[in-house]
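Presented below is the structure to which this report refers.
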Amino acid sequence: MNYYLVAFVAFVGYISYKCYIYPLYLSPLCKIPGPPSGNLFFGHHTSWLNFERGEAFVHLIKKYGVMFRYHSMFNEPHVLITDPNLIQKIMITHSYDFPSFFISRTLAKDYVRESLSFAEGDDHKRFRKALSPSFSFAIVKEMLPTFFQATHKMKDIWLKQIGNKKEERITITDLVPKIILDIIGHVGFNYEFDATGSGTDLSRAYFTIVNNMPSSLYVFLADFFPVARRIFYTFHKDQYWDSVQFIHNTSDQLVTNLKIATTRGNDIMSTLIQTNENLSASEQLTFNEICNQITLILTAGHETVSATTSWALYYLAKNPEAQDQLRKEVLEIFTDRNYFPTLKEIDHLEYLECVLKETLRIVAPLPEFMRFNVKEEIMNGYVIPKGTPLCIPAYAIHHDPLIWGDDAEDFNPSRWLDPEIKSNISTTNYLPFGAGRRACPGSKMALLELKMILPIIIRNFKFRIVEDFTFKKRTQGFSKPVPGIDLLVSKVDY
Ligand code: HEM
């Protein structure tokens with residue numbers, strides 16, 4: 001008998017069954033309506049799901065309704081859910097029965113280690129309890145001067161770039177991420193990144209990672225073929241893995257320094273260390289668990305705010321009336337271009353609030369939430385086998401005309417003044433910060449940061465679209481403009 005032939009036939013049979021026969025014909029999920037699989041092995045992944053994934057979902061929801069099936073890599077069936085009752089169950093009332101789903105847990109853990117994002121159940125509660133004082137308003141309001149100074153640094157750099165010219169074409173996505181990194185360094189763990197200057201090894205390592213995230217195909221393969229993961233780490237041209245290692249080692253050192261510091265600062269990590277010391281032994285985080293939060297806070301607190309700032313400026317440039325209206329409101333308070341507003345004054349900026357809500361609606365930095373069910377579930381009459389990946393597409397929900405009206409695709413901050421829209425909004429249809437136990441702990445900080453950055457920038461500059469400039473909106477992972485955004489920027493001379 002030719003054993004090689006038998007082994008080969010068995011292998012082909014197994015692969016065909018796993019990647020083709022079972023997911024496309026035998027899985028109970030086949031009963032759920034959905035688009036036909038796009039590719040023999042890669043499902044919908046390589047076709048319409050790769051880039052404008054959020055928009056593809058908007059289109060499919062119109063066709064297949066509040067729950068449908070689509071196929072990921074190797075045709076693995078995923079279920080997309082926009083039904084508010086199911087979202088309520090998955091994200092809010094039974095969230096610990098629906099842990100986060102990562103395409104590659106190994107790869108994600110390599111990066112953010114055993115941080116809050118991987119904790120579930122009692123462990124997640126323990127992490128949140130230790131971290132929540134770090135995000136209390138008492139701590140967040142102390143961050144205002146840092147937000148203020150960093151934004152003025154951005155203002156000064158752009159003023160210099162414009163010089164005596166009437167208007168200058170500026171790639172806003174070059175500077176915004178650097179400024180936001182400087183902010184998160186200060187308020188996160190009392191660290192000077194100097195990203196707008198010569199930068200530190202840590203800032204270089206961080207940008208190496210975020211600008212060279214592994215491709216989705218690679219991420220998918222990483223768990224199936226651990227060898228592929230090692231090969232990537234060994235040969236990746238931008239030393240992704242070295243940078244990850246460097247961030248981890250530096251995080252451990254930073255926590256050690258913060259722990260032994262004679263005076264405790266008001267930054268997130270110092271507050272966490274202080275809180276932790278006052279917790280009972282069973283509730284306390286270990287030294288490693290504390291260190292592991294740094295990469296998460298760095299990434300979660302940087303990519304999101306940086307993207308929101310850039311998107312807000314882009315949409316304001318695209319909608320000059322909204323930009324003028326915001327500037328008019330801002331000028332009532334920021335009479336002087338260097339004015340430092342009080343919290344009360346910031347809170348009074350009603351249109352600013354609308355602009356932020358609308359930006360976070362139209363491009364939520366986290367365009368979808370992936371979960372899986374720990375036990376078999378029946379959803380809308382269909383059997384959902386244990387372990388099925390479930391996708392809650394915030395982007396598509398935020399663009400649903402049934403919720404937002406026929407102008408759902410338009411950037412229209414004034415919609416937030418409409419009492420009807422306001423009364424329609426709930427925790428299941430407006431999800432920029434997620435919902436339930438996993439909802440963003442940094443939302444207060446992010447909003448205050450944005451409420452300081454945007455007025456100062458709009459007070460000092462006018463933005464216009466560059467007509468022939470195009471970019472893509474990546475709606476996988478964090479929503480990001482790729483390769484970036486160029487705008488025409490001029491000074492406000494009053
Ligand atoms: C505009 C800014 C921000 C947006 C839109 C945003 C959005 C989100 C969302 C949607 C989640 C939930 C993810 C899920 O359910 O799977 C989340 C979680 C998280 N965010 Fe934010 N975030 C922002 C800013 C921040 C900031 C400034 C920080 C910290 C400095 C932060 C730290 C975190 C952390 C630690 C988690 C994990 C929570 C958990 O798993 O329990 N975020 N964020």
Side-chain angles (χ1 to χ4, degrees), residues 140-141 143-159 170 172-173 175-184 187 301-365 411-417 432-433 442-465 479 481 485 487-492:
V140 166
K141 71 178 170 39
M143 300 174 180
L144 266 186
T146 304
F147 302 156
F148 178 82
Q149 278 156 17
T151 314
H152 276 283
K153 203 170 185 183
M154 174 149 76
K155 179 205 79 183
D156 292 339
I157 294 174
W158 280 346
L159 280 178
I170 295 180
I172 58 156
T173 40
L175 185 58
V176 170
K178 291 180 183 163
I179 292 290
I180 308 299
L181 190 66
D182 280 350
I183 293 180
I184 193 72
V187 304
H302 174 264
E303 286 287 283
T304 49
V305 179
S306 166
T308 308
T309 308
S310 303
W311 284 121
L313 295 179
Y314 168 73
Y315 280 103
L316 288 169
K318 222 176 154 202
N319 297 273
E321 281 139 46
Q323 189 183 151
D324 289 346
Q325 190 167 340
L326 177 59
R327 188 170 299 104
K328 193 167 163 239
E329 180 183 78
V330 164
L331 276 164
E332 280 169 23
I333 288 174
F334 289 72
T335 41
D336 174 336
R337 54 170 80 246
N338 293 319
Y339 184 66
F340 191 139
T342 62
L343 276 173
K344 206 170 159 203
E345 284 168 330
I346 293 177
D347 259 355
H348 256 88
L349 298 170
E350 190 187 27
Y351 196 69
L352 171 68
E353 176 97 23
C354 297
V355 166
L356 285 175
K357 283 183 173 160
E358 185 65 348
T359 307
L360 289 165
R361 178 188 75 83
I362 207 139
V363 264
F411 179 81
N412 173 15
S414 300
R415 78 173 76 246
W416 292 94
L417 300 169
F433 293 106
S443 60
K444 276 196 227 81
M445 170 185 155
L447 288 172
L448 197 59
E449 190 173 352
L450 291 159
K451 284 179 177 181
M452 183 60 106
I453 295 172
L454 270 191
I456 296 177
I457 293 303
I458 287 297
R459 164 69 184 80
N460 284 285
F461 301 100
K462 283 186 182 162
F463 296 90
R464 284 197 314 125
I465 289 291
S479 287
I485 299 178
L487 293 178
L488 295 169
V489 189
S490 58
K491 292 179 214 168
V492 169

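When a residue number appears, it is its place in the shown sequence, counting from 1.
- For the pair Leu343 and Leu448, the minimum side-chain heavy-atom distance is below 4.5 Å.
- Rounding to the nearest 0.5 Å gives a distance of 7.5 Å between CD1 of Ile183 and OG1 of Thr146.
- A distance of 6.0 Å separates CG in Leu159 from NZ in Lys491, rounded to the nearest 0.5 Å.
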* Begin from the C-alpha positions of Arg327 and Asp324 and carry the test salt bridge (charged side-chain N to carboxylate O under 4.0 Å, His left out) through to its verdict. => CA-CA 5 Å; Arg327 188 170 299 104; Asp324 289 346; 3.5 Å; yes
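- Looking only at distances, no side-chain donor or acceptor of His302 sits under 3.5 Å from a matching main-chain atom of Ile180.
- Looking only at side-chain heavy atoms (C-beta outward), Leu487 and Ile465 come within less than 4.5 Å of each other.
- Within the model, atoms CZ of Phe340 and CD1 of Ile346 stand 7.5 Å from one another, a figure rounded to the nearest 0.5 Å.
- Between the CD1 atom in Ile333 and the NZ atom in Lys344 there is a gap of 11.0 Å [rounded to 0.5 Å].
- Side-chain contact annotation: Trp416 with Glu358, donor-acceptor N/O pair under 3.5 Å present.
- The shortest heavy-atom contact between Ser310 and Val176 is OG-CG1, 3.7 Å.
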* Intermediate values then yes/no, side chain to side chain contact (heavy atoms under 4.5 Å, CB included), Phe411 and Leu316 -> CA-CA 9 Å; Phe411 179 81; Leu316 288 169; 4.3 Å; yes
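- Annotation: Glu350, atom CD; neighbour count of heavy atoms from other residues, nucleotides and ligands within 6.0 Å does not exceed 12.
- In terms of modelled atom types and a separation under 3.5 Å, the side chain of Arg459 and the main chain of Thr335 share a donor-acceptor contact.
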* To do: Take Asn460 and Trp158, measure what side chain to side chain contact (heavy atoms under 4.5 Å, CB included) needs, and give me the verdict at the end.
  => CA-CA 10 Å; Asn460 284 285; Trp158 280 346; over 6 Å; no
* To do: Let me see the working for Lys178 and Leu181 under side chain to side chain contact (heavy atoms under 4.5 Å, CB included), right down to the final yes or no.
  => CA-CA 5 Å; Lys178 291 180 183 163; Leu181 190 66; 5.6 Å; no
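- Trp311 and Tyr315 have tilted rings, their planes meeting at an angle from 30° to 60° on a 0 to 90° scale.
- Residues Glu332 and His348 have side chains not in contact (no heavy-atom distance under 4.5 Å, counting atoms from C-beta outward).
- Under a 3.5 Å cut-off, the side chain of Thr173 and the backbone N or O of Ile485 do form a donor-acceptor pair.
- Side-chain N or O atoms of Ser479 include one that pairs as donor or acceptor with a backbone N or O of Ala364 at under 3.5 Å.
- Residues Thr308 and Thr359 share a closest heavy-atom pair of O-CG2, 3.8 Å.
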* To do: Please lay out, stage by stage, how Thr309 and Glu449 fare under the test side chain to side chain contact (heavy atoms under 4.5 Å, CB included).
  => CA-CA 10 Å; Thr309 308; Glu449 190 173 352; over 6 Å; no
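- In this structure, Leu447 CG and Leu360 CG are separated by 7.0 Å, a value rounded to the nearest 0.5 Å.
- Within the model, atoms CG of Leu352 and NZ of Lys451 stand 6.5 Å from one another, a figure rounded to the nearest 0.5 Å.
- Side-chain contact between Tyr351 and Val330 is absent, with no heavy-atom pair separated by less than 4.5 Å.
- Heavy atoms only, all atoms of each residue included: Ile172 and Pro177 are closest at O-CD, 4.3 Å.
- Side-chain contact check for Pro455 versus Glu329: every heavy-atom pair is 4.5 Å or farther apart.
- Counting only heavy atoms from C-beta outward, the side chains of Phe461 and Lys155 approach each other to under 4.5 Å.
- A 4.5 Å side-chain heavy-atom check between Asp156 and Lys153 finds every atom pair outside the cut-off.
- In terms of heavy atoms, Ile179 sits closest to Ala150 at CD1-O, 3.6 Å.
- Side-chain contact between Pro320 and Arg464 is absent, with no heavy-atom pair separated by less than 4.5 Å.
- Taking every heavy atom of both residues into account, His152 and Arg337 meet most closely at CE1-O, 3.4 Å.
- At distances below 3.5 Å, at least one donor-acceptor pair connects side-chain atoms of Asp336 with backbone N or O atoms of Asn338.
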